[in-house]
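To find a chain, count down the sequence lines: A is the first, B the second, and so on, and within it residues start at 1.
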Amino acid sequence: MMGSEDDQESKVKMETLFLREESNSNSNYRSAMSTLSDSRHPSIVVTPADSDPLFAPPSYYNESRSKPNGGNRDSSSYLEPPSYADVIFSPFDDNSEINGSDDGGSSLHSQSSDSLSRSPSSLTSDYIKITVSSPQKEQESTNSMIPGGTTYVTYQITTRTNLSEYGGGSEFSVRRRFRDVVTLADRLAESYRGFCIPPRPDKSVVESQVMQKQEFVEQRRVALEKYLRRLASHPVIRNSDELKVFLQAQGKLPLATSVDVASRMLDGAVKLPKQLFGEASSSVEVVQPARGGRDFLRLFKELRQSVSNDWGGPKPAVVEEDKEFLEKKEKMYDLEQQIINASQQAESLVKAQQDMGETMGELGLAFIKLTKFENEEAVFNSQRARANDMKNLATSAVKASRFYRELNSQTVKHLDTLHDYLGLMMAVQGAFADRSSALLTVQTLLSEISSLEGRAEKLEAASSKVFGGDKSRIKKIEELKETIKVTEDSKNVAIREYEQIKENNWCEVERLDRERRADFLNMMKGFVVSQVGYAEKIANVWTKVAEETSQYNRESS
Amino acid sequence: MESTEQTRSISGSMQSPRSPSSLPYLSVSVTDPVKLGNGVQAYISYRVITKTNLPEYQGPEKIVIRRYSDFVWLRDRLFEKYKGIFIPPLPEKSAVEKFRFSAEFIEMRRAALDIFVNRIALHPELQQSEDLRTFLQADEETMDRFRFQETGIFKKPADLMQMFRDVQSKVSDAVLGKEKPVEETTAAYEKLKHYIFELENHLAEAQKHAYRLVKRHRELGQSLLDFGKAVKLFGACEGEPTGKAFSDLGTKSELLSIKLQKEAQQVLMNFEEPLKDYVRYVQSIKATIAERGTAFKQHCELAETTKLKEINLDKLMLTRSDKVGEAEIEYREIKAESEEATRRFERIVTRMEEEIVRFQEQKTEEMGVAFHQFAKGQARLANSIADAWRSLLPKLEASSTV
């Protein structure tokens, strides 16, 4: 099913990966990344052929309704007239001339229900395919006080994969609710700081009534599927424990939730006295960002630090010096703006194509009615001749209309890449934000250390003035030195974390740049190919009418 | 002027001015629209050039300046004098101010007026019209005078008389208890009337969609332009090779936008306008049908009245009344009127029969041409779209394997 074009593409990608690996002497990638060098670049497999219109047998006139054109309200009423059933349409079969031997068209449309031109590199062996289906209402079992309780929706999440991390070739299903997805996203954000993690579907703040409406549930199902598939296509995240657990663990999702505000506050309240009395928080927690965590004191300190940074306090010991990074950030922002703009214009292009197709169809319909009318009422042969001419025009108009609309659903799929990248831009911002917040943590710790050391110095100076030593002060100095040591440890952990995140950022951005290039080139190619294909079809249709009416050619040349 | 060519080819009796002068010819063209006057009073004047070798005309060439209301005058006069003939329709007086002087509108109107005059010049009966000669030859002052008389707020005396008579007859009908409508009821004519009325509906719908299609072309053109610009900006952001590829894509998109705007104009002029003309023609036929109805009613009523007068006369003759002479004169007058009305009605019937044939043939021809041009235009457009996009593929192909 995959055209050879895809194989070539993925081979090229692999080659670039290998090249980079070799050139990089100190391979300080995070361990997960190195799995890339072993396995071939796995990917998402195609949707089964029966749901893809392009692989279905050429659909005949009356079956055009079964085509799953996204959002295409197929007003098939005017496709009925049996006398025009000779209008047989075979979609997209003659584009091979464009791509040489490859049927360039079909391979590009293989991922019909997903973003079309994501770098497929769809090889045959490694795959992971996720489907979200059968939404069901379930009762919240805990609130026995409230009769009826609250209901929520669960979705069945089916994974088909042959990755070894998932236990070889297998298929399994779990039931999850949206809350679980939020948890998954949160856990991933914590574990994979610096990575471009695809953004999860929005929590919708709507009434519970709306929550249960068919349309809303369906929209959410689609969004969930897209999200999970994107996660699975991320080379690092697909192997994460969080995702594995999410996809495999039966029953309740065994991931810690962090949304419980009450316990968060409680924890924070418990910690606060300890901190106030000088016991430092464990250094491991430094690995997490302060915000969203339970360490209020730390949150406060970092906030103070960032204000100091912004308002021209003493320059922190470590700053974002990496010019390349800053430039990249600028560039990413710029890119985002352009993608937004292009995506908007793509939408209005799609609308214009849609309208053109619709109006052409309506014109055809009007002429079909006229034809019928003239034929019924004909008294003169001139009328019959005219009716015949109208019929030719009408038939072609209806055909052309259908081509426009098919072209449009292709266009939508191709240009969807632009929309997808908007989401990815957000992920990039998230990754950059991780870096900034990690840096802030380091800065905060550094200034804390320096202020602690300052205090210790003062105490020592004061204590040395007292003959025979100042017992209380000496004790304080001891305690301070302890604190300093612990804080130093934290600082080191934080710096390591920061460096790691920088590394992750860099890898991700490289990967994204590469993928983006490939994706957008694919998108353009797909867009252009379908435009060419359908324009040719439409040209043929009208050329036929021009020939049929050639007797009316009055041009003097 | 393609339109003149096309109408001339229908009836082969008229030939181009270059043919030997022994064969009679009359060719007219409406050209050179010029805006005159200021503000609310502004209007467009046209140059009407007549080339002919007919003796009734001051040949071989005569040029006059005419404005839209002069054409209206001509149409109204012909409508009065040649009942039963489908008078060629005029383009509408434009309602919307801002379009009245747009280049496209002016050109479309000029073309429509040209077709109008030529149809008259080619019609075997209408071309004999004295009013046509006036229109084609009279100097501007004379023309203004004529026009003022007819198309001003002053209605023709004949119109007023007719309205009076209509009211009269309605009243008398009511008084006499004659409620039955006086209408022809032959099957063929019924069929024709039904056909014409239905046809207008169908055509109006087709024309509506044709007009929308023009708009769609324009909208698609605009969106391609915007899309092209956005894509180019995007390309400027990205490095190679994507950047250049996007830039090329954007350029092509902008190019195609221009082609679409051009095609929109073509569809408007060569497809939508002929459909509109078709609708107007049908409306003109409806006016003729109304005239025929009026003529029929008059013929019936006068025939009735004549019979009554005859009966009355016979009665008077029997009683040897001294009113006989008077009654006889009255009777003879009414009888003459009735015969005249009958003649008028029958002439309308005959004319209409011929006109229908001519109309159907003419419309088949004109629609055929319109369809042909439309199809060619669409094919041309689609092919240039395909070509433009196709030209991008080699480079895209090359880029994606880099």
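- Checked against salt bridge (charged side-chain N to carboxylate O under 4.0 Å, His left out), R218(B) has the following partners two or more places apart in sequence or in another chain: E104(B).
- Rounding to the nearest 0.5 Å places CE of M367(B) at 10.5 Å from CG of L393(A).
- The contact between E198(B) and chain A is made by backbone and side chain atoms together, counting heavy-atom distances below 4.5 Å.
- The ring pair (Phe, Tyr, Trp, His ring centres under 6.0 Å) search around F359(B) returns Y281(B), not counting sequence neighbours.
- Between Y421(A) and F234(B), the gap from one ring centroid to the other reaches at least 6.0 Å.
- For K363(B), the parts lying near chain A are the backbone and the side chain together; criterion is any non-hydrogen pair under 4.5 Å.
- In this structure, a donor-acceptor pair under 3.5 Å is absent between the side chains of T359(A) and R212(B).
- Between the side chains of Y195(B) and E376(A), no donor-acceptor pair of N or O atoms lies under 3.5 Å.
- Heavy-atom neighbours of chain A within the stretch residues 225-232 of chain B, taken at a separation under 4.5 angstrom, comprise D226(B), F227(B), A230(B).
- With sequence neighbours left out, the ring pair (Phe, Tyr, Trp, His ring centres under 6.0 Å) criterion links F86(B) to no other residue.
- In terms of heavy-atom proximity, R517(A) sits nearest to T242(B) at CG-OG1, 2.8 Å.
- Between F246(B) and F520(A), the gap from one ring centroid to the other is short of 6.0 Å.
- With a threshold of 4.5 angstrom between heavy atoms, L213(B) approaches chain A through its backbone and through its side chain.
- Within a 6.0 Å radius of NZ in K328(A), more than 12 heavy atoms belonging to other residues, nucleotides or ligands are found.
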request  = Dump the intermediate steps for salt bridge (charged side-chain N to carboxylate O under 4.0 Å, His left out) on R390(B) and E536(A), then the final yes or no.
outcome  = CA-CA 10 Å; R390(B) 203 183 293 116; E536(A) 282 173 354; 2.5 Å; yes
